[in-house]
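First listed ligand is number 1; within each ligand, the first listed atom is number 1.
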Amino acid sequence: MINIISSLFGRGDPVLSEASSRDTAAIAALHGASFARGWSEQEVEGLLIDRHVIAHRAISGSKMAGFIMSRLAEDEAEILSVAVSSQRRGRGLARVLLNLHLRRLAGLGARTVFLEVDEHNAAAIRLYDRAGFHEISRRPNYYPGPGSKAATALVLRRDLT
Ligand SMILES: CC(C)(COP(=O)(O)OP(=O)(O)OC[C@H]1O[C@@H](n2cnc3c(N)ncnc32)[C@H](O)[C@@H]1OP(=O)(O)O)[C@@H](O)C(=O)NCCC(=O)NCCS
């Protein structure tokens, strides 16, 4: 496994590397803090030990600052989740995690990457737009919310060259 891949903003700042099942608890905690329906530790561990799942993490000190996870099947990948801890948001961490992740997916043979994003998730939409993803379809009533109307999912795609 490639371990330390890059340091972001200088000394003491997040270090990016591949994630493993040892990161289960920290990723489940960050996922739970980032999404309305968090993944259980069991679900996260199941993903991290799946040989078709590729995951990267950003560690700051001893804390999980961010992660990204995809499933790769043949030459198609789907981004399953990405999150950055609330204290670390807005400083480009998701961008560097995504760029690293896409390079790794390409190296493993992925030619196309898909994902779904809530139409109201401005930060994620901006992140993906800047990384070259474009909308290919919409899934209405996809994300259940507190109100009666569920949010639409945008299905995005990027071809890797
Ligand atoms: C989406 C998320 C991962 C972005 O992480 P981040 O490290 O803050 O993102 P970055 O700092 O790399 O910013 C990426 C882009 O989004 C923009 N952005 C960040 N926060 C934003 C906000 N609240 N509203 C609009 N744009 C925003 C940034 O300006 C940047 O665009 P730029 O390159 O044009 O300046 C983070 O907000 C998060 O964890 N959210 C909760 C989980 C989630 O929604 N995940 C995505 C599911 S599809």
Exercise for the section: May I ask you to list the atoms of ligand 1 that are less than 4.0 angstrom from any heavy atom of R95? Expected result: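 Contacts of ligand 1 toward R95, numbered from 1: 12 (O).
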
Practice task
Could you tell me which atoms of ligand 1, counted from 1 in the order shown, lie closer than 4.0 angstrom to a heavy atom of A83?
Solution key: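 By the 4.0 Å cutoff, the relevant atoms are 39 (O).
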
Would you please say whether a donor-acceptor pair under 3.5 Å links the side chains of [X] and [Y]?
X    : Y    : value
H101 : S70  : yes
R88  : S60  : yes
R158 : T112 : no

Starting from [atom], which protein heavy atom do you reach first, and at what distance in Å?
atom                    : answer
atom 48 (S) of ligand 1 : Y128 OH, 3.6 Å
atom 41 (C) of ligand 1 : R89 NH2, 3.6 Å
atom 31 (O) of ligand 1 : R126 CG, 3.2 Å
atom 8 (O) of ligand 1  : G90 N, 2.6 Å
atom 33 (O) of ligand 1 : R130 NE, 3.1 Å
atom 46 (C) of ligand 1 : V82 O, 3.6 Å
atom 44 (O) of ligand 1 : N121 ND2, 2.7 Å
atom 42 (C) of ligand 1 : F35 CZ, 3.5 Å

Determine, for [X] against [Y], whether the closest basic-nitrogen to carboxylate-oxygen distance falls under 4.0 angstrom.
X    : Y    : answer
R157 : E76  : no
E18  : R104 : yes
R71  : D50  : yes

Determine whether any protein heavy atom is located less than 4.0 Å from [atom].
atom                    : answer
atom 11 (O) of ligand 1 : yes
atom 26 (N) of ligand 1 : yes
atom 29 (O) of ligand 1 : no

Handout entry: Full working for side chain to side chain contact (heavy atoms under 4.5 Å, CB included) between I27 and L47
Key = CA-CA 11 Å; I27 287 179; L47 289 167; over 6 Å; no

Exercise for the section: Would you check the N or O atoms of V84, main chain and side chain alike, for any that come under 3.5 Å of an N or O of ligand 1? Expected result: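 Min N/O separation from ligand 1 is below 3.5 Å for V84.
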
Practice task
May I ask you to check whether R91 has an N/O atom sitting below 3.5 Å from an N/O atom of ligand 1?
Solution key: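 Such a contact does occur with ligand 1.
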
Handout entry: Full working for salt bridge (Lys or Arg N to Asp or Glu O under 4.0 Å) between E119 and R139
Key = CA-CA 10 Å; E119 61 177 338; R139 296 189 177 139; over 6 Å; no

Handout entry: Option nearest atom 20 (N) of ligand 1 (shortest heavy-atom distance, choices G66, A94, G92, A123)
Key =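 Minimum heavy-atom distance to atom 20 (N) of ligand 1 goes to A123.
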
Problem - Linked, directly or transitively: F67 and L80 (ILVMFWY side chains, under 4.5 Å) - result: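 They do share one cluster, since a chain of ILVMFWY contacts under 4.5 Å joins F67 to L80.
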
Practice task
Give a yes or no on whether R89 atom CZ has more than 12 heavy-atom contacts from other residues, nucleotides or ligands under 6.0 Å away.
Solution key: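 More than 12 heavy atoms, drawn from other residues, nucleotides or ligands, come within 6.0 Å of this atom.
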
